[in-house]
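Each remark here refers to the structure printed beneath this line.
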Amino acid sequence: HVQLVESGGGLVQPGGSLRLSCAASGYTYSRYCMGWFRQVPGKERGGVASVISDGATTYADSLQGRFTISKDNAKNTLFLQMNSLKPEDSAMYYCAADGRALRGVWSLVEHAYSYWGQGTQVTVS
């Protein structure tokens, strides 16, 4: 039973930084993809960044340079470092995982993922 638990969200001023974490358990896939998505009320969940089992990363075009995805394999934890935050970055951020090594734009598609966390709220104001 795969569980993903996000943490690290909160209220931050514009220009500030936050680091989100996603603790994964029950995950035994040797090949996988993990990603971060975000959603604001009334809009679809959009892909932010992803990382696959060989370390390759993919970012939404508008976010690369400010956001960095990383993983600690020993701790089964996924991170999202967010810098130079803007009010438009305010959203519920979700961690997702799948047992396939999704690549490129496919790794930023919501429907490609099998497992989801409950989300952590980020507010930039």
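Values in this document were obtained by computation on a predicted structure and should not be read as measured data.
If you take OG on S21 and CD on Q81, they are separated by 9.5 Å, rounding to the nearest 0.5 Å. The structure places OG of S17 at 9.5 Å from CZ of F67, a figure rounded to the nearest 0.5 Å. The CG atom of L85 lies 11.5 Å from the CD atom of Q13; values are rounded to the nearest 0.5 Å. Separation of atoms OG1 (T68) and CZ (R19) is listed at 10.5 Å; rounding is to 0.5 Å.
Put simply, the side chain of S25 does not reach to within 4.5 Å of the side chain of N76, judged on heavy atoms.
Minimum heavy-atom separation, A24 to M34: CB-CE, 4.2 Å. Between L18 and G8 the shortest heavy-atom distance is CD2-O, 3.7 Å. For the residue pair V122 and G9, the shortest heavy atom distance occurs at CG2-CA, 4.1 Å. Contact detail for Q121 and A91: the closest heavy-atom pair is NE2-O, 3.3 Å. The minimum heavy-atom distance between A101 and S53, with the atom names listed, is CB-OG, 4.4 Å.
Under the 4.5 Å side-chain heavy-atom criterion for ILVMFWY residues, no single connected hydrophobic cluster contains both L102 and V48. Note on I69 and V109: separate hydrophobic clusters, where clusters join Ile, Leu, Val, Met, Phe, Trp and Tyr whose side-chain heavy atoms are under 4.5 Å apart, directly or indirectly. Under the 4.5 Å side-chain contact rule for hydrophobic residues, W36 and M92 do not share a cluster.
Checked against disulfide (SG to SG under 2.5 Å), C33 has no partners two or more places apart in sequence or in another chain.
The number of heavy-atom neighbours closer than 6.0 Å to CG of D61, taken from other residues, nucleotides and ligands shown, is 12 or below. Other residues, nucleotides and ligands contribute only 12 or fewer heavy atoms inside 6.0 Å of the CD atom of E44.
Side-chain N or O atoms of W116 include none that pairs as donor or acceptor with a backbone N or O of L4 at under 3.5 Å. Side chain of E6 to main chain of C95: a donor-acceptor pair is present (N/O by atom type, distance under 3.5 Å, no hydrogens or angles). Counting only distance, with no hydrogens or angles, the side chain of R103 and the backbone of I52 share no donor-acceptor pair below 3.5 Å.
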Going through the distances and angles, do L63 and R38 end up as a side-chain contact (heavy atoms from CB on, under 4.5 Å)? CA-CA 12 Å; L63 299 176; R38 66 185 185 182; 3.6 Å; yes

Could you go step by step and tell me if L108 and Y59 meet the side-chain contact (heavy atoms from CB on, under 4.5 Å) rule? CA-CA 8 Å; L108 298 180; Y59 292 89; 5.9 Å; no

Could you walk me through whether V51 and S70 pass side-chain contact (heavy atoms from CB on, under 4.5 Å), step by step? CA-CA 7 Å; V51 59; S70 62; over 6 Å; no

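No option in T123, V124, D89 other than V124 meets the side-chain contact (heavy atoms from CB on, under 4.5 Å) test with V12. Applying ring pair (Phe, Tyr, Trp, His ring centres under 6.0 Å) to Y113 and the options F37, Y32, Y94, W106 leaves one that passes, F37. Applying side-chain contact (heavy atoms from CB on, under 4.5 Å) to S107 and the options D98, T57, T58 leaves one that passes, T58.
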